[in-house]
Protein chains: 2
Amino acid sequence: MRRTTTLRATAPAQRASATRPPASRAATAERQIFDTIAEAIAGRRLPPGTKLTEEQLASTFGVSRARIRRVLLLLSQERIVTLKPNRGAYVARPTPQEAREVFAARRLIEDDMAARFAALPPAARAAAARRLTAHVERERAAAAAGDRSASIRLSGEFHQLVGTLAGNAVLAELLEPLIARSSLAIAAYQPPSAEDCAPDEHAAIITALQDGDAALARRLMAEHLEEVEHKLVLDGDAEPAIDLKRVLLGA
Amino acid sequence: MRRTTTLRATAPAQRASATRPPASRAATAERQIFDTIAEAIAGRRLPPGTKLTEEQLASTFGVSRARIRRVLLLLSQERIVTLKPNRGAYVARPTPQEAREVFAARRLIEDDMAARFAALPPAARAAAARRLTAHVERERAAAAAGDRSASIRLSGEFHQLVGTLAGNAVLAELLEPLIARSSLAIAAYQPPSAEDCAPDEHAAIITALQDGDAALARRLMAEHLEEVEHKLVLDGDAEPAIDLKRVLLGA
DNA sequence: CGCGTTAGGATTGTCCACAATCCACGCAGC
DNA sequence: GCTGCGTGGATTGTGGACAATCCTAACGCG
């Protein structure tokens, strides 16, 4: 037997809000599997291109293949996983173009969210800022402990949290897969030398949000996202197959 | 046998781009079913709350229940359909809050798209504007023919087309379910007296886009969306169940 | 007469076995 | 030695059967 891909069952943070206490047992189990895989991908323990065999996942989580199948379908809907017919599921590899577009979409949405957050009534704003501050503390702790995977996850969750607290749930839902796709783009295109997203920038954003300084918050958020994007190497080396075709057509 | 819900098999416009000519036969069949149902919902032939029985859908489309099941899962991901565990699938009924948030998200995204479109290089912009104009012609024809369902569908497709032509595919993907959800909100909250989206407003937007007048295009687009939203009656009458509870608590 | 209870029927959820598809390897032919 | 073509093994896709769940309605009891 070949060495199976490691998928440690770290219980990830609950996704969205758990409305119903009991809910459906099956549905929650499925969500846990979803979150575990999504988190492993976002945390870059499963790099782009990794094959996700149904059987392996089924035995890993101790469930039937049918359930894995549904989870993979859901993951493919978020563009985190690519489903090739009769070939199986693979961790998605965004194209440079797609990566740029994802970041553009994030800038648009998160700019609006920053403005929205800053416009919150003072009391709610203060409470929300406290939650953000507590979150950044956890980011700092993970960074200090050298836990790279946790750092990455928490950094994404920071942005998600800003969106959730900003008060438009629909926009926050749209943001969620974009953050995951960003992480995928980073995994694919960030040179190993570059540092990840520092908690300090997040802290600066919080200060602006807390003060209700919408203009500053938006500027900092935009700069923060641009900085992350600019660390990526998105030019050059297109797909080898395409290159080949061009060579043949050009020759 | 009871009268089955009418789901005429009008072949809807191809969704996104059909990259591969053969592709997977099953996948395309599934997409067709998806599109047919989605279009029936968006066209308000299936109003919010309608029960979507797996068996009925399966026999209607002549496929197995398993495939219907996948389609319903996908539809529920787009928030067009609500999946209640052990209860089945229902056409979603957005809350007033959700409806407002959907329109807010649309304003944000479509404002950006209008700006993007207006900033296109002149040649591409002219070509794109021609496609929009051709589309509005079809809207006019449907309106003149009194085909309400087609009018609604084409009106949604206009916005989708602006997004597609504006050049950010990721944003255009995000917009798609938002348009469907808008249609659902309209079905739920627009009084029967109100008129639908008129093609003339679309034509005015096209002119501004064509001229590269970003400021005007953005303003017209924003006004257009606001007008649609303001026709809805989103205040008052919360869920009856909630009302009951409040009465009991208050009494 | 109203409420709680309990079968009945229908619908959804799950699993399992089989069919279809595809890649990798090996082999003949040039 | 390289190219092209079958064959084997593994993996995915599909259908059908069965189990679990829930609503409806009738029934009996207080």
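Here is the naming used below: chain letters follow the sequence lines, and residue numbers restart at 1 for every chain.
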Is there a donor-acceptor pair closer than 3.5 Å between any side-chain N or O of [X] and the backbone N or O of [Y]?
X: A:Glu101; Y: B:Ala169; result: yes
X: B:Ser155; Y: B:Ile152; result: no
X: A:Ser183; Y: A:Ala180; result: no

Residues that [X] engages under side-chain contact (heavy atoms from CB on, under 4.5 Å), provided they are two or more places apart:
X: B:Phe158; answer: B:Leu132, B:His135, B:Val136, B:Glu139, B:Val162, B:His202, B:Ile206
X: A:Ala172; answer: A:Met113, A:Gln160, A:Thr164
X: A:Ser64; answer: A:Ala66, A:Arg67
X: A:Ala92; answer: A:Thr82, A:Leu184

query = Angle, rounded to 10°, between the helical axes spanning five pairs at each terminus of the helix from C:dC1-D:dG30 to C:dC30-D:dG1?
reply =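 One end's axis against the other's: 0°.
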
Contact list (N/O, under 3.5 angstrom) for nucleotides 18-23 of chain C vs protein:
| residue | atom | partner | partner atom | Å |
| --- | --- | --- | --- | --- |
| C:dT21 | O3' | A:Asn86 | ND2 | 3.3 |
| C:dC23 | OP1 | A:Arg87 | NH1 | 3.0 |

message = Do the side chains of A:Glu173 and B:Arg79 get close enough for a salt bridge, i.e. N-O under 4.0 angstrom?
response =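 A salt bridge is present here (some side-chain N lies under 4.0 Å from a carboxylate O).
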
query = Can you name the one residue among B:Arg106, B:Arg100, B:Arg107 that meets salt bridge (charged side-chain N to carboxylate O under 4.0 Å, His left out) with B:Glu229?
reply =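 Running salt bridge (charged side-chain N to carboxylate O under 4.0 Å, His left out) over B:Arg106, B:Arg100, B:Arg107 with B:Glu229 returns exactly one hit, B:Arg107.
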
[atom1] of [X] versus [atom2] of [N]: gap in Å, rounded?
X: A:Leu83; N: D:dT11; atom1: CG; atom2: P; answer: 16 Å
X: A:Leu73; N: D:dT14; atom1: CG; atom2: C1'; answer: 15 Å
X: A:Lys84; N: D:dT11; atom1: NZ; atom2: C1'; answer: 15 Å
X: A:Arg70; N: D:dG13; atom1: CZ; atom2: C1'; answer: 15 Å
X: B:Arg69; N: D:dG16; atom1: CZ; atom2: P; answer: 16 Å
X: A:Ile68; N: C:dC16; atom1: CD1; atom2: C1'; answer: 16 Å
X: B:Glu54; N: D:dG15; atom1: CD; atom2: P; answer: 14 Å

request  = Find which nucleotide of DNA chain C each of A:Ser64 and B:Glu55 is nearest to by heavy atoms, and output the residue with the more 5' nucleotide.
outcome  =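 This one resolves to B:Glu55.
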
